[in-house]
Amino acid sequence: MALFDVLDVDRKFYKERLEEFLPDSLFDTHTHVFLTKHTKNKSTQSSVTWPGRVASKNPVEDLDETARLMFPGKRYVPLMFQSGASPQSMYLANAYISDCSSRTGYPALYYTHQDQSGEEVERAVIAGGFRGIKMYYSFLPAYIPSPEIRIFDYLPHKHLEVCDKHGWTVMLHIPRPKRLRDPVNIA
């Protein structure tokens, strides 16, 4: 069953403007795959909430169907990781992502928590077949104001060292109001 209707106007636009423009293979570098049961417990730090208004779940099967509908005749490969998991459910959500990656062959990143040891992250990435890690500052305690969050508050050196050791990917959301221009981030 289609997730949404593709209308004649959509097919015409794709045929006339996108089909030849797009490459035969598409690699999506930022793809959240998640189940509702992994997103119920909210974190203590403020976080982005708009994705939950778009979809309460995004299982890998829905992702595949969306790609089939939006990019007919193209090869679509997402880099997957979980979304919205709480510290209480992140291990189950990571297990789901590992399973999805194993079934589909899509690359995946392990979602970390800043309190995990470097050894735990290393074991989990290797055991789950992940290509690296993704972290987000939503797990931080509420006493750190959002504009004051520093990269190493949620990407501890011990995690970065493990990724450097193996040459793994680190998917990093840059904090602070000025993002890449912020002098604390630059330092």
Determine, using the 4.5 Å side-chain heavy-atom cutoff (strictly less than), whether [X] and [Y] are members of one ILVMFWY cluster.
X	Y	value
L92	M90	no
V9	F13	no
I151	I186	no
I126	L79	yes

Aromatic ring pairing F81/H30, orientation class (parallel under 30°, perpendicular over 60°, tilted between): perpendicular

Minimum heavy-atom separation for [X] to [Y], with atom names?
X	Y	value
S146	Y137	OG-CE1, 4.4 Å
I149	I144	CG1-CG2, 3.7 Å
K57	D62	NZ-OD2, 3.8 Å
F130	N94	CZ-O, 3.4 Å
L69	L3	CD1-N, 4.0 Å
V77	P107	CG1-CD, 3.7 Å

Are side-chain N/O atoms of [X] and [Y] paired as donor and acceptor at under 3.5 Å?
X	Y	result
Q114	H159	no
S89	S86	yes
D28	Y106	no

Residues K12, D8; criterion salt bridge (Lys or Arg N to Asp or Glu O under 4.0 Å); working and verdict: CA-CA 6 Å; K12 182 177 188 247; D8 287 338; over 6 Å; no

Hey, is [atom1] on [X] packed in by over 12 heavy atoms from elsewhere, all under 6.0 Å?
X	atom1	result
R179	CZ	yes
D115	CG	yes
R150	CZ	no
F4	CZ	yes
R181	CZ	no
M70	CE	no

Donor-acceptor under 3.5 Å (T31 side chain, M80 main chain): no

T104 side chain vs C100 backbone, donor-acceptor pair below 3.5 Å: yes

From CA spacing to verdict: side chain to side chain contact (heavy atoms under 4.5 Å, CB included), V121, K158: CA-CA 9 Å; V121 169; K158 59 191 175 188; over 6 Å; no

Does a side-chain N-to-carboxylate-O contact under 4.0 Å join [X] and [Y]?
X	Y	answer
D24	R75	no
R68	D64	no
E19	R11	no

Derivation and outcome, side chain to side chain contact (heavy atoms under 4.5 Å, CB included), residues L155 and Y136: CA-CA 8 Å; L155 172 59; Y136 198 69; over 6 Å; no

Report yes if the side chains of [X] and [Y] come closer than 4.5 Å at any heavy-atom pair, otherwise no.
X	Y	result
N185	L180	no
V33	P59	no
N58	S83	no
W168	L109	no
P156	F152	no
S25	P23	no
V125	I133	yes
R123	E120	yes

K134 and H173: CA distance, side-chain angles, deciding distance, side chain to side chain contact (heavy atoms under 4.5 Å, CB included) verdict: CA-CA 9 Å; K134 178 178 189 309; H173 285 269; 3.2 Å; yes

Interatomic distance, [X] atom [atom1] to [Y] atom [atom2] [nearest 0.5 angstrom]:
X	Y	atom1	atom2	result
H113	Q88	NE2	CD	8.5 Å
Y14	R17	OH	CZ	15.0 Å
Q82	L35	CD	CG	10.5 Å

Y110 vs Q116, side chain to side chain donor-acceptor pair (under 3.5 Å): CA-CA, chis, key distance, verdict: CA-CA 12 Å; Y110 178 79; Q116 291 178 282; 2.8 Å; yes

Chi angles and distances behind the side chain to side chain contact (heavy atoms under 4.5 Å, CB included) call for M135, L172: CA-CA 7 Å; M135 73 299 306; L172 178 69; 3.8 Å; yes

Residue from R131, E161, E122 passing side chain to side chain donor-acceptor pair (under 3.5 Å) with H166: E122

Y111 ring center within less than 6.0 Å of F34 ring center: no

